[in-house]
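First comes the structure, then the notes that go with it.
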Amino acid sequence: MPELPEVETVRRSLARRAGGARVVSVDLRRPAYVTGARNDRALLLGAQLKRLERRGKQIAIIADSGRALCVHLGMTGGLRVLQGTALEPTHTHILWRLRTPAGAALRLAMTDPRRFGGVWTFRSFDDLIRARWADLGPDALTVTDEHLADALAGTTRAVKAALLDQRLIAGVGNIYADEALFAAGVHPAHPSHRLARRRAHRLAQAIRATLAQSLEAGGSTIRDYRDADNAAGGYTARHAVYGRSAEPCVRCAGRLGSAVIAGRTTVWCPRCQRRPRPWAPPRAGRSPHTATRG
DNA sequence: AGGCGATCCTGAGGGC
DNA sequence: TGCCCTCAGGATCGCC
């Protein structure tokens, strides 16, 4: 489920609630959810949670022991802090018991009904970066106009497909790809390399602005997404196109269209997001301006 | 190179 | 109430 704003919201709430806490016990209930060493020490038993980092849709939990966990939430994953007698969520694959510096007992639950996410264990944050983050593009929240323009110039794919490719830009998923394309007035099927550089810059600005606005609202809540505090996101109501197929465009009131592009349901406004003019072969003799090929 | 479909899973929602 | 179908925030793989 979660895209960059939701993952960053989880990271922040986790840092606030469990930062500095020590791992008292580890209960790994579904070993297959973890890749790499699966022993207690690899899962940070006895260590203190020191730093929480994020790149795109992935979170790194770095302990004072130097060890690091990489968490990818997939479609339905969540990291939830439970206090007191709070009920444990269903599909909890790992449960950590923590003790905060102030002495409070907390539980941290890694939940993921569909199990498209996962946890990877590493001896160090450097190892994590090498194994999992080295191939990711720059984080979408701070991607530069120049980087996105260069990345798009290098591929012929539909721009929507390019935005979903985490090697080009990290953190954009199906919701924010559609939202940013709408905000920039770019048709999702526009061939990436044919997008004018000026429009690629505008798209980069739209990506940053859309993600920042959603982050400010605590992300989007579709179905079961919750942050580490179990709070729902407030951005869903502000979606201009995602989930609004056949509804009126917020800008021109025209009917929003949808189709499967890059294997994902895509919604856009046919009037506000024009298709590129199709290339037509020049026909000789029709106009004095028609180029004659040698 | 990249489109496409299948695949990994569970759950929600609609139609009947 | 239940059954059957479709669809869902992600990402990878093999095949054309």
Side-chain angles (χ1 to χ4, degrees), chain A residues 1-11 29-35 54-59 70-80 89-93 110-120 131-137 140-141 151-181 188-194 207 210-211 214-215 217-227 231-246 258-267:
Chain A
M1 119 316 104
E3 302 181 33
L4 189 153
E6 295 78 35
V7 175
E8 175 62 11
T9 300
V10 168
R11 188 195 71 81
R29 293 153 186 195
R30 193 179 282 278
Y33 198 72
V34 175
T35 302
R54 181 192 56 76
R55 175 83 168 266
K57 302 170 190 173
Q58 303 184 43
I59 291 174
C70 181
V71 178
H72 195 300
L73 301 178
M75 291 267 255
T76 55
L79 274 171
R80 296 260 286 278
T90 55
H91 302 288
T92 295
H93 306 313
M110 174 75 230
T111 69
D112 188 359
R114 288 177 75 180
R115 284 180 255 149
F116 289 174
V119 170
W120 289 257
R132 293 199 50 85
W133 289 5
D135 291 337
L136 292 179
L141 200 54
L152 294 179
T155 181
T156 62
R157 282 178 287 178
V159 62
K160 161 98 180 225
L163 293 184
L164 295 179
D165 186 342
Q166 304 297 301
R167 294 169 302 185
L168 299 187
I169 171 174
V172 178
N174 203 35
I175 295 176
Y176 299 105
D178 281 9
E179 293 298 319
L181 287 165
H190 200 120
S192 299
H193 69 299
R194 290 188 55 208
I207 289 168
T210 303
L211 294 174
S214 177
L215 183 53
S220 300
T221 294
I222 307 290
R223 293 184 178 78
D224 51 5
Y225 164 76
R226 292 291 188 279
D227 70 10
Y235 193 70
T236 314
R238 290 200 238 159
H239 291 168
V241 287
Y242 179 83
R244 297 192 63 243
S245 177
S258 76
V260 174
I261 296 176
R264 312 294 297 277
T265 297
T266 302
V267 185

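In what follows, chains are A, B, ... by sequence order, proteins preceding strands, each numbered from 1. Computed from heavy atoms alone, side chains included, the values below leave out hydrogens, waters and symmetry copies.
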**Asked** Are A/V7 and A/P2 side-chain neighbours, meaning at least one heavy-atom pair lies under 4.5 Å?
**Response** yes
**Message:** Taking any heavy-atom pair under 4.0 Å as a contact, classify A/G263: base, sugar-phosphate, or nothing.
**Reply:** nothing
**Prompt:** Considering only heavy atoms from C-beta outward, does the side chain of A/T92 approach that of A/R30 to under 4.5 Å?
**Reply:** no
**Asked** What's the CG-P distance between A/D165 and C/dC13, to the nearest Å?
**Response** 13 Å
**Message:** So, OP1 or OP2 of B/dG11: does either fall under 4.0 Å of a side-chain N or O from A/T76?
**Reply:** no
**Asked** Nearest-Å distance, CZ (A/R167) to P (B/dA1)?
**Response** 10 Å
**Prompt:** Can you find a side chain N or O atom of A/H72 that sits less than 4.0 Å from OP1 or OP2 on C/dA11?
**Reply:** yes
**Message:** Would A/F116 count as stacking on B/dC9 if stacking means ring centres less than 5.5 angstrom apart and planes tilted under 30 degrees?
**Reply:** no
**Asked** Which listed nucleotide (C/dA11, B/dT10, B/dG3) is nearest to the side chain of A/R114?
**Response** B/dT10
**Prompt:** Picking from B/dT10, C/dG10, C/dA8, which would you name as closest to the side chain of A/H91?
**Reply:** B/dT10
**Request:** Round to a whole Å and report the spacing from CG of A/D135 to C1' of C/dA11.
**Result:** 14 Å
**Item:** Interatomic distance, A/L136 CG vs C/dA11 C1' [rounded to whole Å]
**Value:** 12 Å
**Message:** In whole Å, I'd like the distance from the CG atom of A/L73 to the P atom of C/dA11.
**Reply:** 10 Å
**Asked** Are A/R264 and C/dG10 close enough that a side-chain N or O sits under 4.0 Å from OP1 or OP2?
**Response** yes
**Asked** Among C/dA11, B/dA1, B/dG11, which nucleotide sits nearest the side chain of A/K57?
**Response** C/dA11
**Item:** Spacing of A/E3 atom CD relative to C/dA11 atom C1', expressed in whole Å
**Value:** 13 Å
**Message:** Please convert DNA chain C into dot-bracket. A pair counts if it is Watson-Crick or G-U wobble with both distances under 3.5 Å; crossing pairs go in [ ] and bases paired with another strand get |.
**Reply:** .|||||||.|||||||
**Asked** Who are the salt bridge (Lys or Arg N to Asp or Glu O under 4.0 Å) partners of A/K57, not counting sequence neighbours?
**Response** none
**Message:** Is A/Q166 close enough to C/dG10 that one of its side-chain N or O atoms is under 4.0 Å from OP1 or OP2 there?
**Reply:** no
**Fill in**
Of the candidates C/dG10, B/dG2, B/dC9, the side chain of A/T155 sits closest to B/dG2
**Prompt:** Which word best sums up how the rings of A/H72 and A/W120 line up, parallel for under 30°, tilted for 30 to 60°, or perpendicular for over 60°?
**Reply:** perpendicular
**Message:** Is the shortest side-chain heavy-atom distance between A/L215 and A/T9 below 4.5 Å?
**Reply:** yes
**Asked** So, the side chain of A/R55 versus the backbone of A/G137: is there a donor-acceptor pair under 3.5 Å, distance only?
**Response** yes
**Prompt:** What integer distance in Å separates A/N174:CG from C/dC7:C1'?
**Reply:** 12 Å
**Request:** Kindly say if A/R115 contacts the phosphate of B/dT10, meaning a side-chain N or O under 4.0 Å from OP1 or OP2.
**Result:** yes
**Prompt:** Passes side-chain contact (heavy atoms from CB on, under 4.5 Å), A/F116 versus A/T76? Steps please.
**Reply:** CA-CA 7 Å; A/F116 289 174; A/T76 55; over 6 Å; no
